[in-house]
Number of protein chains: 2
Amino acid sequence: MATGRTHRPATRSRGIPEATVARLPLYLRALTALSERSVPTVSSEELAAAAGVNSAKLRKDFSYLGSYGTRGVGYDVEYLVYQISRELGLTQDWPVVIVGIGNLGAALANYGGFASRGFRVAALIDADPGMAGKPVAGIPVQHTDELEKIIQDDGVSIGVIATPAGAAQQVCDRLVAAGVTSILNFAPTVLNVPEGVDVRKVDLSIELQILAFHEQRKAGEEAAADPGVAPPAVARKQHSTDQGPDGDVPAVMPA
Amino acid sequence: MATGRTHRPATRSRGIPEATVARLPLYLRALTALSERSVPTVSSEELAAAAGVNSAKLRKDFSYLGSYGTRGVGYDVEYLVYQISRELGLTQDWPVVIVGIGNLGAALANYGGFASRGFRVAALIDADPGMAGKPVAGIPVQHTDELEKIIQDDGVSIGVIATPAGAAQQVCDRLVAAGVTSILNFAPTVLNVPEGVDVRKVDLSIELQILAFHEQRKAGEEAAADPGVAPPAVARKQHSTDQGPDGDVPAVMPA
DNA sequence: ACTTGTGAATTAATTCACAGCT
DNA sequence: AGCTGTGAATTAATTCACAAGT
């Protein structure tokens with residue numbers, strides 16, 4: 001794809017790498033903090049440190065968006081905030097429904113950073129009729145029967161699934177049938193969706209298992225003490241920071 | 001690293017790719033489901049479908065662990081469950097502390113899949129003295145003052161941070177100072193940790209922003225309808241399944 | 001003098017495609 | 001005949017290192 005890309009307007013080649021897209025929110029958060037402290041400009045070095053990446057990566061990432069910096073100076077904070085927000089589609093408002101209002105669903109509903117960016121909780125939905133009408137985070141919970149109507153009326157395209165694993169696929173199917181095309185899944189299940197629907201998962205159990213793997217590795221190394229040529233510094237994985245490749249996450253689920 | 005790997009026992013070359021490690025829990029979950037249904041063997045094709053990956057990737061992943069399959073037949077489910085569990089370090093028990101018992105912390109404490117694999121909630125910790133002693137998920141909440149003592153007494157090496165963003169770094173520092181070397185961070189902040197400490201993050205806001213990016217892209221394409229040579233099939237990104245590269249996740253946080 | 005933007009080099013991950021074993 | 005295991009090819013991501021601009 002790098003080789004034979006069909007010629008383009010030259011000013012902006014569509015197709016930002018996924019790895020870059022996944023970091024843009026990180027940069028945006030760091031920039032927003034700077035903006036709140038009224039910092040006018042920032043260098044790639046400083047911003048990279050704040051976002052927990054290295055500066056070459058950050059510059060390369062930004063190069064996919066365009067040339068928004070000034071050589072010898074750095075980046076204008078406000079301008080970059082705007083450009084990244086626009087690139088991520090945060091200049092518009094995204095109504096979101098949360099399905100499954102247990103502990104986790106309630107935590108998500110209460111999450112402040114939600115509204116701060118372009119997301120708005122359009123509805124909270126739960127299968128328990130006893131929950132209906134009860135306000136969570138100031139929003140009354142609605143019954144699952146209303147799901148299709150809510151999605152169509154509010155033009156919801158993003159759904160969050162925080163149900164038990166057993167209900168997730170069924171909820172997913174209804175969301176998709178009603179018009180949702182992006183799903184954030186907290187249930188520990190693989191969701192099957194048709195072409196054109198994006199799913200991202202958040203899975204606590206998976207994350208813990210990945211940590212356990214590295215933890216075990218560390219414990220084993222104490223004793224190992226390889227008596228060979230022993231490459232001193234660089235040999236070890238670049239632990240800490242940096243979440244490595246892949247894009248997994250753990251699913252949380254009440255009860 | 002692929003080129004100049006120091007000669008090894010040949011039977012097992014240390015160094016499983018990060019991307020593979022991140023998928024092992026996925027395979028394990030699928031295998032556990034098969035095991036519960038008493039399925040004795042499974043082919044790479046079937047297992048891959050259940051885990052939501054393609055079979056070549058799965059086979060390559062397994063090849064890093066060793067040769068645990070039988071050509072012409074497939075994999076023995078029980079045997080694979082054991083091998084992967086061992087590789088992930090799940091044959092031992094990992095005490096975990098959860099710091100910050102808001103909505104999210106409570107959701108995590110109640111999460112069933114916790115104990116089912118090798119993880120055990122050693123303690124729930126919160127800074128609010130009013131919470132102290134109150135049971136959540138059957139475990140009494142303890143005050144932050146006890147943090148160091150708990151970690152040392154129980155030999156805790158994995159900590160989960162579910163505090164507000166403002167408290168996260170401070171909690172992290174205390175966890176690390178007390179001996180924790182793996183952290184799962186739900187607070188929307190970059191954590192600074194010393195070499196040798198692993199951090200993974202779970203960030204709701206980041207996940208939603210990534211979805212918004214793709215959602216915006218989809219909306220834009222409706223109108224685009226490129227009248228050029230129009231590469232029909234393969235051209236579009238492989239949406240759905242597959243979380244793409246990187247390894248980000250969103251942070252959740254109560255209020 | 002300083003910092004961006006980016007080709008080129010490197011490293012990692014994925015996918016192909018088939019030899020090798022059951 | 002069927003399915004694994006894996007070299008080889010491909011594609012993606014990261015890092016280097018420096019030319020180009022202010």
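Naming: A, B, ... by sequence-line order, numbering from 1 per chain.
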Donor-acceptor contact below 3.5 Å, side chain Thr32(A) vs main chain Leu28(A): yes
Tell me the interatomic distance from Glu46(A), atom CD, to dC2(C), atom P, rounded to whole angstroms. 14 Å
Test item: Phe213(B) and Leu90(A) side chains (from C-beta on) under 4.5 Å apart, heavy atoms: no
Nearest to the side chain of Lys57(A), heavy atoms from C-beta on, is which of dT6(C), dT6(D), dT14(D)? dT14(D)
Provide, to the nearest angstrom, the distance between the CG atom belonging to Leu47(B) and the C1' atom belonging to dC3(D). 13 Å
Result for 5'-nearest mapping on DNA chain D, choosing between Ser63(B) and Thr70(A), is Ser63(B)
Remember a base hit wins even if backbone is also touched, and classify Tyr75(A) as base, sugar-phosphate or nothing at under 4.0 Å, heavy atoms. sugar-phosphate
Rounded to the Å, how far apart are Tyr68(A) OH and dT3(C) C1'? 19 Å
Which nucleotide sits closest to the side chain of Glu18(A): dG5(D), dA13(D), dG5(C)? dA13(D)
dT4(D) base / Arg71(B) side chain donor-acceptor hit below 3.5 Å: yes
Ignoring the backbone of Ser44(A), work out which of dG5(C), dT4(C), dA13(C) is nearest its side chain. dT4(C)
Evaluate the criterion ring-ring contact (aromatic ring centres under 6.0 Å, His included) for residue pair Phe62(A) and Tyr68(A); output intermediate values, then yes/no. CA-CA 8 Å; Phe62(A) 286 178; Tyr68(A) 296 146; 8.3 Å; no
Could you tell me the separation between the CG atom of Leu65(B) and the P atom of dT6(D), rounded to a whole number of Å? 11 Å
Nearest-angstrom distance from the residue atom CD of Glu45(B) to P of dT15(C): 13 Å
Of the listed dT15(D), dT6(C), dT4(D), the closest approach to the Arg59(A) side chain comes from dT6(C)
Rounding to an integer number of Å, can you tell me how far Asp61(B) CG sits from dT6(D) P? 13 Å
Round to the nearest Å and state the distance from Arg23(A) atom CZ to dT15(D) atom C1'. 12 Å
When you measure from the side chain of Ala19(A), which nucleotide among dA13(D), dA8(D), dG5(C) comes out closest? dA13(D)
So which one's nearest nucleotide on DNA chain C is more toward 5', Lys60(A) or Val73(A)? Val73(A)
For Leu24(A) and dA13(D), give me the distance from atom CG to atom C1', rounded to whole Å. 15 Å
Taking all heavy atoms of Gln169(B) and all of Leu191(B), pick out the closest pair and write down the distance. OE1-CA, 3.5 Å
So how far is it from Thr91(B) OG1 to Ile84(B) CD1, rounded to the nearest 0.5 Å? 13.0 Å
Looking at Asn54(B), does any N or O in its side chain come under 4.0 Å of the phosphate oxygens OP1/OP2 on dT15(C)? yes
